[in-house]
Amino acid sequence: MKRTVIAIVLALVIGLPLGWILAMMLTPLLWDLEPVLHMELAGHSGPSDSVFYLVWAIVIPSLFLLFNWIGAKASAAQ
């Protein structure tokens, strides 16, 4: 239980700013995709909220699985 809570906290603390940075880095790509998809993906101040949510929905669970796996390996090695 302790390992899971630590993995959740680390995933949130690292995943929120990391996801924000990744979403901002995707802005030029999003501008190129707008005419193809016929929807606004990014404005003058960066990506739309849905892009942030999508990136966070990918990054945070991925980090959780990574930290949980690392914790499992560390506890099995003891």
Side-chain angles (χ1 to χ4, degrees):
M1 181 70 176
K2 182 181 175 183
R3 184 180 74 224
T4 303
V5 171
I6 291 171
I8 290 171
V9 170
L10 282 174
L12 286 172
V13 168
I14 295 171
L16 286 173
L18 181 63
W20 186 86
I21 291 168
L22 288 173
M24 292 302 275
M25 290 174 63
L26 286 173
T27 301
L29 174 65
L30 297 172
W31 285 332
D32 291 340
L33 288 175
E34 283 182 356
V36 175
L37 299 175
H38 303 292
M39 59 188 298
E40 185 172 346
L41 299 172
H44 296 288
S45 59
S48 65
D49 290 344
S50 60
V51 174
F52 280 111
Y53 298 144
L54 177 64
V55 171
W56 282 325
I58 294 169
V59 169
I60 292 173
S62 299
L63 287 174
F64 168 74
L65 292 173
L66 175 69
F67 294 142
N68 204 24
W69 178 71
I70 290 171
K73 279 185 67 171
S75 66
Q78 292 179 352

K.L.:
Closest approach of Pro47 and Ala23, non-hydrogen atoms and distance?
P.N.:
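Shortest heavy-atom separation between Pro47 and Ala23 comes out as CG-O, 3.0 Å.
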K.L.:
Can you name the side chain to side chain contact (heavy atoms under 4.5 Å, CB included) partners of Val13, sequence neighbours left out?
P.N.:
Val9
K.L.:
So, taking the atom named OG1 in Thr4 and the one named CZ in Phe64, what distance separates them when rounded to the nearest 0.5 Å?
P.N.:
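It comes to 5.5 Å.
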K.L.:
Are Leu63 and Leu10 grouped together when hydrophobic residues (ILVMFWY) are joined by side-chain heavy atoms under 4.5 angstrom apart?
P.N.:
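In one cluster with Leu63: Leu10, yes.
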K.L.:
For Ile70, which residues count as a side chain to side chain contact (heavy atoms under 4.5 Å, CB included) partner, sequence neighbours excluded?
P.N.:
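With neighbours one apart ignored, the set is Leu66.
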K.L.:
Considering all heavy atoms of both residues, which atom of Met39 and which atom of Glu34 are nearest to each other, and what is their separation?
P.N.:
O-CG, 3.3 Å
K.L.:
If you look only at distance, which donor and acceptor atoms sit under 3.5 Å apart when one is on a side chain in residues 25-32 and the other is two or more places apart or in another chain?
P.N.:
| from | atom 1 | to | atom 2 | distance (Å) |
| --- | --- | --- | --- | --- |
| Thr27 | OG1 | Met24 | O | 2.9 |

K.L.:
Using the test side chain to side chain contact (heavy atoms under 4.5 Å, CB included), find all partners of Leu65 that sit at least two apart in sequence or belong to another chain.
P.N.:
none
K.L.:
Using the rule that two of Ile, Leu, Val, Met, Phe, Trp, Tyr join whenever any of their side-chain heavy atoms come within less than 4.5 Å, decide whether Ile6 and Ile14 are in one cluster.
P.N.:
yes
K.L.:
Donor-acceptor pairs under 3.5 Å, side chain of residues 48-58 to any protein atom, not counting sequence neighbours: which ones?
P.N.:
| from | atom 1 | to | atom 2 | distance (Å) |
| --- | --- | --- | --- | --- |
| Ser48 | OG | Leu41 | O | 3.3 |
| Ser48 | OG | Ser50 | OG | 3.1 |
| Trp56 | NE1 | Leu16 | O | 2.9 |

